[in-house]
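These figures come from a predicted structure and were not determined experimentally. Atoms within a ligand are numbered from 1 in the order they appear, just like the ligands themselves.
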Amino acid sequence: MPITEHKVVVGATPHAEGDRIMQICNACRYCEGFCAVFPAMARRLTFTEADVSYLANLCHNCGACYYACQYAPPHEFMVNVPRTFAEVRKETYKNYAWPRALGGLYEWNGIATALVTTLAVCAFLIGVMQTVSPGVLWGTHTGAGSFYKVIAHNTMVAIFGAAFLFVVLAFVMGFRRFWADMDENLSDFASGASFGEAMWNVLTLKYLDGGGEGCTYPDEKPSFTRRTFHHFTFYGFMLCFAATSVGTFKHYLLGWIAPYSLGSLTVILGSLGGIGLLIGPVGLLYLKHSADPMLKDKNQRGMDDGFLMLLFLTSLTGFLLLFFRETTWMGMLLTIHLGVVLGLFLMLPYGKFAHAVYRFAALVRFAIERRRPNTNASFD
Ligand code: SF4
Ligand code: SF4
């Protein structure tokens, strides 16, 4: 029978288990060259809750240390760093959520994502049906401003501007508390070299290269598949964001009104990003479902799946809108697409996207620490 459990102390909190495992790893140090977690761990002799959160957010769940570990199950030490740290990360997201009361959404994130997105789509549908006639909704509109005949530009700006500000505020508040708990100064976060190093590690997904051979995910065989699909997803998201920014620039500074031509920079960026968001999330979903269960926290399946499916749906509805924007389906497709995008926005601070904020903060701190003398050097 395959081993699927690893807890030695039944009912131990994820942070307590993380502390226990780090004590063992700190005595062993076999995995020191695998990723940023182990050099960061080696700078400490004891692990506070904030330390465990920090180390957990440095972990990319690549599985290398689990497969290399002589103390992994069935050994009585039951060391399983990737799964324990996955559990700790969820606690981090909950603890630092803003407003705090919404931290509970991480516990039932899959259902919450489906519910919020459905409600957002319904709200857009009801809003449109209340404000425009069926003739306008199902009419054929072409040329500049055709979208705004169905939903006024100012209405879109008000809804998405408010949602965007809320998302930014939620992440800034969470980040500030996380950073303060690690006893770091805000001024150090923005220091050029450390920030630049962390940014480079994010852009290249350095810690999913397994030291050059690829990471051991979804199984023991090293591969770059996960990093490739993550790149599709990440850069797809960034290209879509760039397309929206270019569109905003054109609207307000050049007075060019959407929709834009197929050859325009906005549509090219959005289409390339959309392709990334079709390929990346499907690939990551496949890998997640075929991954070794020992690496995963099964309670986070809804959160992982919900976020990836929402990214996929955002891209799919965007492409449908692009293909059918000069037909009678434009009004309905625009309404559904905006509802899905709003659902994605509203759930960003309470789902898988949170890993981007806390992992980046942890990577910046790691880069800062690397530039400081190691006070535990005598134990190396
Ligand atoms: S994961 Fe296992 S092998 Fe690696 S440092 Fe920890 S105890 Fe040692
Ligand atoms: S699972 Fe990978 S990233 Fe996480 S601690 Fe182990 S080796 Fe490092």
Side-chain angles (χ1 to χ4, degrees), residues 3 6-9 14-47 51-92 198 201-202 204-227 229-230 284 287-288 291-298 300 304 352 355-356 358-363 365-367 369-370 376 379-380:
I3 301 157
H6 71 287
K7 289 275 175 66
V8 170
V9 183
H15 279 86
E17 177 69 356
D19 177 23
R20 182 187 77 83
I21 286 179
M22 284 298 99
Q23 301 283 353
I24 297 170
C25 290
N26 219 3
C28 165
R29 297 198 179 178
Y30 177 79
C31 300
E32 219 158 29
F34 283 13
C35 67
V37 168
F38 296 96
M41 169 203 76
R43 288 179 164 265
R44 294 163 170 80
L45 298 177
T46 57
F47 302 94
D51 289 332
V52 176
S53 292
Y54 161 53
L55 296 172
N57 281 283
L58 278 180
C59 170
H60 289 53
N61 197 248
C62 77
C65 62
Y66 173 74
Y67 293 117
C69 184
Q70 60 272 42
Y71 303 120
H75 189 281
E76 60 180 332
F77 286 0
M78 304 289 260
V79 171
N80 185 336
V81 179
R83 188 196 279 188
T84 302
F85 277 177
E87 293 171 357
V88 172
R89 281 194 295 280
K90 189 176 84 175
E91 292 303 304
T92 309
N201 290 339
V202 168
T204 58
L205 220 57
K206 173 178 164 61
Y207 294 108
L208 278 187
D209 74 354
E213 294 185 322
C215 72
T216 48
Y217 192 99
D219 54 34
E220 208 165 340
K221 194 164 156 250
S223 141
F224 287 107
T225 318
R226 184 173 173 216
R227 188 164 78 166
F229 284 132
H230 194 287
L284 288 176
L287 290 180
K288 278 191 186 298
D292 184 341
M294 284 303 282
L295 303 180
K296 302 185 286 190
D297 172 13
K298 62 181 184 303
Q300 292 182 42
D304 293 346
K352 183 69 182 177
H355 83 282
Y358 296 109
R359 180 156 299 143
F360 182 65
L363 285 168
R365 193 200 190 192
F366 177 67
E369 280 192 337
R370 281 189 348 113
N376 293 328
F379 291 86
D380 282 345

Is there side-chain contact between [X] and [Y], with heavy atoms separated by less than 4.5 Å?
X      : Y      : result
Phe85  : Met22  : yes
Gln23  : Phe47  : yes
Asn61  : Arg226 : yes
Phe366 : Asn201 : no
Met41  : Cys25  : yes

Open item on the list: Under the criterion salt bridge (Lys or Arg N to Asp or Glu O under 4.0 Å), I'd like the reasoning laid out for Glu369 against Arg44: C-alpha separation, chi angles, the key distance, then a yes or no.
Closed with: CA-CA 11 Å; Glu369 280 192 337; Arg44 294 163 170 80; 2.4 Å; yes
TODO: For the pair Tyr66 and Asp292, evaluate side-chain hydrogen bond (donor to acceptor under 3.5 Å, both in side chains) and give the outcome as yes or no after the intermediate values.
DONE: CA-CA 11 Å; Tyr66 173 74; Asp292 184 341; 5.2 Å; no
TODO: Compare Cys62, Cys59, Cys31 and give the one whose heavy atom is closest to atom 7 (S) of ligand 2.
DONE: Cys62
Going by the order shown, which atoms of ligand 1 are within less than 4.0 Å of some heavy atom of [X]?
X     : answer
Tyr71 : 7 (S)
Cys28 : 3 (S), 5 (S), 7 (S), 8 (Fe)
Cys69 : 1 (S), 2 (Fe), 3 (S), 7 (S)

If you count the atoms of ligand 2 from 1 in the order shown, which ones are under 4.0 Å from a heavy atom of [X]?
X     : value
His60 : 3 (S), 4 (Fe)
Val37 : 5 (S)
Val81 : 5 (S)

Task: Neighbour count >12 (heavy atoms, 6.0 Å) for atom CD, Glu213 - done: no
Task: Euclidean distance, Ser223 OG relative to Leu287 CG, rounded to 0.5 Å - done: 7.5 Å
Task: N/O/S from Cys25 sitting under 2.8 Å away from atom 6 (Fe) of ligand 1 - done: yes
For [atom], what is the closest protein heavy atom, and at what distance to 0.1 Å?
atom                    : result
atom 1 (S) of ligand 2  : Gly63 N, 3.3 Å
atom 8 (Fe) of ligand 2 : Cys35 SG, 2.2 Å
atom 3 (S) of ligand 1  : Gln70 OE1, 3.3 Å

Open item on the list: Checking contacts here: is it the side chain or the backbone of Tyr30 that comes within 4.0 Å of ligand 1, counting heavy atoms only? Could be both or neither.
Closed with: both
Open item on the list: For Phe85, state whether at least one heavy atom is located under 4.0 Å from any atom of ligand 2.
Closed with: no
- [ ] Pick one of side chain, backbone, both or neither for how Tyr207 approaches ligand 2, counting any non-hydrogen atom pair under 4.0 Å.
- [x] neither
Open item on the list: Any side-chain to backbone donor/acceptor pair from Arg20 onto Phe77? Under 3.5 Å, distance only.
Closed with: yes
Task: Under 2.8 Å: N/O/S of Cys65 next to atom 8 (Fe) of ligand 1 - done: no
